[in-house]
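Following: one structure in structure tokens, then a few remarks.
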Amino acid sequence: MRVYNTLTQSKVEFIPREEGKVSIYVCGPTVYNYIHIGNARCYLSFDVIKRYLKFKGFDVYHVQNFTDVDDKIINQAKKEGIPASEVAEKYSQGFIEDSKALKFDPPDIRPKATEHIPEMIEMIQGLVDKGFAYVEDGDVYFEVGKFDEYGKLSHRKLDEMEAGARVEVDERKRNPFDFALWKKAKEGEPSWSSPWGDGRPGWHIECSAMSLKYLGRSFDIHGGGQDLIFPHHENELAQAECYTAESPFVRYWLHNGFVTLTGDKMAKSVGNVVLLKDVIKKYDPMVVRMLFLTTHYRSPIDFSEEKLKESTRSYERLNNLVGNIDRVLKKREEKVSRLEPGRDVIVLKAFIENGEPEFVEAMDDDFNAPDALGGLFKAARDINTYLASYDEFSLDELDMLQDIKELFIRLGGAVGLEFTSFLSPEDVDEEWREERRAVMLSGLAKFAGVNVKDAGVLFNRDFPGFVKKFVDLRAAKRAEKEWQTADTIRAFLDSQDILLEDTAAGTLVRIRRLIV
RNA sequence: GGCGAGGUACCCAAGUGGUUAAGGGGGGGGUCUGCAAAACCUCUAUUCACCGGUUCGAAUCCGGUCCUCGCCUCCA
């Protein structure tokens with residue numbers, strides 16, 4: 001397996017510190033707002049990477065922090081008129097809810113910065129003791145000039161940066177790029193006591209302290225968005241390697257590309273953010289996953305409503321394969337013929353034999369999900385073609401189709417895509433039914449003349465039977481060639497997310513899963 | 001100014017030296033169907049921003065030109 005390492009700017013063979021185990025740290029959110037689509041892409045990219053590593057058999061230990069003390073949180077607290085700790089709590093919960101909605105595989109631990117102040121102080125003290133940091137009137141700064149390799153991650157040199165940089169001039173800093181490890185407390189802000197007086201940690205130290213604590217020295221993967229390369233990860237690396245006197249702090253630095261909106265980077269500072277929680281009100285979270293899987297994780301991706309619609313269609317295409325196979329598998333209960341001599345099952349065998357190796361080959365090349373998905377789409381077409389070619393299938397073929405379905409679901413799962421069979425009226429839950437109760441009862445009254453009370457009883461006791469009333473009624477109308485009425489009934493059910501498909505085997509009922 | 005990424009069909013997007021340039025979406029035509037849906041078939045890039053070069057052979061390597069985006073300041 002090869003991964004692109006930002007440190008070396010090249011794809012390199014992935015060899016974890018300990019055979020069979022992978023330690024991974026993904027920079028978590030600074031909790032002062034709900035996450036937007038750009039943030040979501042980062043967490044989704046690393047969710048895919050993590051899932052794939054697990055799929056490959058690695059024992060993955062995943063740490064994701066909450067940065068719950070920071071200037072931005074303090075500002076937001078002033079804006080909302082609540083304590084900073086409440087702001088942090090509110091948006092930490094929001095993040096966990098968003099993560100669940102997108103079906104992120106939860107991290108093994110979610111450490112919070114405020115619960116690791118002693119570890120940070122210890123680390124800062126160590127840096128001061130070793131001469132990498134200096135104290136100025138209650139502030140502590142890391143002195144970048146003391147670390148010869150400063151800039152090795154972001155591939156820039158201090159003197160080059162100084163030439164063009166617009167860096168705030170701070171007389172107390174020895175170099176404009178020196179950064180705060182500890183900030184002296186200001187009135188009314190959260191603070192902790194330290195050897196340098198009351199204060200709070202600077203931005204980068206929390207990630208170094210927590211990653212070293214939970215993953216140890218020289219862990220495998222550190223991930224984040226490309227905008228974290230400088231200064232955040234550069235500074236984390238500098239602190240950690242100076243503190244431990246060991247290199248590398250991180251074996252593989254992985255960074256995802258940005259989400260843009262009509263060509264501009266989506267960022268709070270630009271003011272063009274689309275919040276994830278708003279998107280998933282309207283679109284299935286699987287569609288969001290699909291959207292990001294169809295572009296390589298390091299490439300930029302332009303977000304739009306149109307793309308979500310395309311992704312809905314393409315996700316349905318893959319998902320429908322499972323439903324299509326299931327329809328055929330039901331034939332197992334019916335009469336089946338022997339495998340016809342000469343029937344060419346090479347298409348089925350091809351996916352069973354090559355589906356996984358091809359998928360793995362693509363993913364092993366720096367997690368090339370678009371390429372891997374290409375194979376699934378191709379397989380879906382081939383198998384649909386096969387299904388459409390025959391009316392009857394032998395037991396051997398049904399066994400193969402069962403294997404294909406399981407493999408398809410397993411490969412989707414390796415990148416977090418869930419494929420499910422078609423839902424039918426017996427699969428819907430209480431909430432789903434209740435949302436549609438009033439309309440559906442009056443619908444049955446209107447089309448079948450059943451009074452609302454009787455309809456209500458049937459609705460409660462036997463919802464599939466309730467739906468069948470419509471289907472039967474429509475069948476009768478069709479038999480009488482009353483197409484208008486039949487189509488009105490179908491349109492009515494469609495408005496309630498119940499889809500009818502007339503096939504040779506009769507009218508099939510399925511529930512719309514995806515919201516468009 | 002420094003550094004980095006990239007320009008592949010109507011849109012999105014894989015492919016980084018060698019058979020017919022994956023795949024998705026959209027559109028045209030067709031099959032099935034009363035219609036629709038789903039699914040299938042078929043067409044939609046002799047060509048990969050442009051110009052040179054290397055090579056038996058390049059979208060892929062080299063040089064140049066044009067353009068886009070990002071980082072260098074909080075940002076995933």
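Values below: all heavy atoms of this structure, side chains included; hydrogens, waters and symmetry mates excluded. Just so it is clear: chains get the letters A, B, ... in the order the sequence lines come, proteins before strands, and each one is counted from 1.
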Residues from [range] lying under 4.0 Å of RNA chain B - heavy atoms:
| range | value |
| --- | --- |
| residues 490-508 of chain A | A:R490, A:L500, A:E501, A:D502 |
| residues 350-376 of chain A | A:N368, A:P370, A:D371, A:G374 |
| residues 29-45 of chain A | A:H36, A:G38, A:N39, A:C42 |

Quiz item: Are a donor atom and an acceptor atom from the side chains of A:N272 and A:D264 found within less than 3.5 Å of each other?
Solution: no
Self-check item: Results of ring pair (Phe, Tyr, Trp, His ring centres under 6.0 Å) for A:Y4 - residues two or more places apart only
Solution: none
Practice problem: Check ring pair (Phe, Tyr, Trp, His ring centres under 6.0 Å) between A:F219 and all other residues, then give those that pass, not counting sequence neighbours. | Solution: A:H222, A:F249
Quiz item: Taking only residues two or more places apart in sequence or in another chain, which ones pass side-chain hydrogen bond (donor to acceptor under 3.5 Å, both in side chains) with A:Q76?
Solution: A:E80
Quiz item: In chain order, what residues pass the side-chain hydrogen bond (donor to acceptor under 3.5 Å, both in side chains) check against A:D494, with sequence neighbours excluded?
Solution: A:R512
[X] vs [N]: side-chain N/O to OP1/OP2 distance below 4.0 Å:
| X | N | answer |
| --- | --- | --- |
| A:N320 | B:rA38 | no |
| A:K265 | B:rC71 | yes |
| A:R317 | B:rC40 | yes |

Would you say [atom1] of [X] has more than 12 non-hydrogen atoms from neighbouring residues, nucleotides or ligands within 6.0 angstrom?
| X | atom1 | answer |
| --- | --- | --- |
| A:E306 | CD | no |
| A:K103 | NZ | no |
| A:Q484 | CD | no |

Selected nucleotide, minimal atom distance to [X] side chain, candidates [options]:
| X | options | result |
| --- | --- | --- |
| A:N324 | B:rG70, B:rU73, B:rA39 | B:rA39 |
| A:R313 | B:rC71, B:rC40, B:rA38 | B:rA38 |
| A:R381 | B:rA39, B:rG24, B:rC35 | B:rG24 |
| A:P231 | B:rC74, B:rA76, B:rC41 | B:rC74 |

Separation between the [atom1] atoms of [N] and [M], rounded to whole Å:
| N | M | atom1 | value |
| --- | --- | --- | --- |
| B:rU20 | B:rA58 | P | 13 Å |
| B:rG7 | B:rA13 | C1' | 13 Å |
| B:rC10 | B:rA5 | C1' | 26 Å |
| B:rG27 | B:rU55 | P | 48 Å |
| B:rC69 | B:rG52 | P | 28 Å |
| B:rC56 | B:rG64 | C1' | 26 Å |
| B:rA22 | B:rU47 | C1' | 16 Å |
| B:rG24 | B:rG17 | C1' | 28 Å |

Quiz item: Do A:R436 side-chain atoms and A:Q496 backbone N/O form a donor-acceptor pair below 3.5 Å?
Solution: yes
Exercise. Please identify each residue that fulfils salt bridge (Lys or Arg N to Asp or Glu O under 4.0 Å) with A:D98, with sequence neighbours left out.
Key: none
Self-check item: With sequence neighbours excluded, residues passing salt bridge (Lys or Arg N to Asp or Glu O under 4.0 Å) with A:D302
Solution: none
Select base, sugar-phosphate, or nothing to describe what [X] touches, counting heavy atoms under 4.0 Å on all strands.
| X | answer |
| --- | --- |
| A:G257 | base |
| A:S269 | base |
| A:V259 | base |
| A:R327 | nothing |
| A:F258 | base |
| A:M290 | nothing |
| A:K307 | sugar-phosphate |

Practice problem: Spell out yes or no: do the side chain of A:R478 and the base of B:rG34 have one donor N/O and one acceptor N/O closer than 3.5 Å? | Solution: yes
Is the [X]-[Y] ring centre distance short of 6.0 angstrom?
| X | Y | value |
| --- | --- | --- |
| A:Y34 | A:F95 | no |
| A:H255 | A:H233 | yes |
| A:F179 | A:Y141 | no |

Exercise. Starting at CG of A:D47, measure out to CG of A:L102 and round the result to the nearest 0.5 Å.
Key: 8.5 Å
Quiz item: Rounded to the nearest 0.5 Å, what separation is found between the CG atom of A:N319 and the CE atom of A:M286?
Solution: 9.5 Å
Exercise. Select from A:D302 and A:R474 the residue whose nearest nucleotide in RNA chain B is closer to the 5' end of that strand.
Key: A:D302
Quiz item: Taking for each residue the nucleotide of RNA chain B with the nearest heavy atom, is it A:N384 or A:D487 whose nucleotide lies nearer the 5' end?
Solution: A:D487
Given atom [atom1] of [X] and atom [atom2] of [N], what is their separation to the nearest angstrom?
| X | N | atom1 | atom2 | value |
| --- | --- | --- | --- | --- |
| A:K378 | B:rC40 | NZ | P | 11 Å |
| A:L228 | B:rC71 | CG | C1' | 11 Å |
| A:H232 | B:rC72 | NE2 | C1' | 17 Å |
| A:I229 | B:rC74 | CD1 | P | 15 Å |
| A:L293 | B:rG25 | CG | C1' | 16 Å |

Self-check item: Watson-Crick or G-U pairs under 3.5 Å in RNA chain B, rendered as dot-bracket with [ ] for crossing pairs and | for another strand
Solution: ((((((((.[[[..)..(....]]]((((((.......))))))....[[[[[..)....]]]]])))))))....
Quiz item: Does the side-chain ring of A:W483 sit on the six-membered ring of the B:rG34 base, less than 5.5 Å centre to centre and under 30° in tilt?
Solution: yes
Under 3.5 Å between N/O atoms: give me all the protein pairs with nucleotides 2-6 of chain B, atom names plus distance.
| from | atom 1 | to | atom 2 | distance (Å) |
| --- | --- | --- | --- | --- |
| B:rG2 | O2' | A:E160 | OE1 | 3.3 |

Please tabulate, one pair per line, all N/O donor-acceptor pairs under 3.5 Å involving side-chain atoms of residues 346-360 of chain A, not counting sequence neighbours.
| from | atom 1 | to | atom 2 | distance (Å) |
| --- | --- | --- | --- | --- |
| A:N354 | ND2 | A:A350 | O | 3.4 |
| A:E356 | OE1 | A:R410 | NH2 | 2.3 |

Quiz prompt | Flag side-chain contact, heavy atom, 4.5 Å: A:R41 against A:L276 | solution = no
Quiz item: If you measure from the Lys or Arg side-chain nitrogens to the Asp or Glu carboxylate oxygens, is any gap between A:R156 and A:E234 under 4.0 Å?
Solution: no
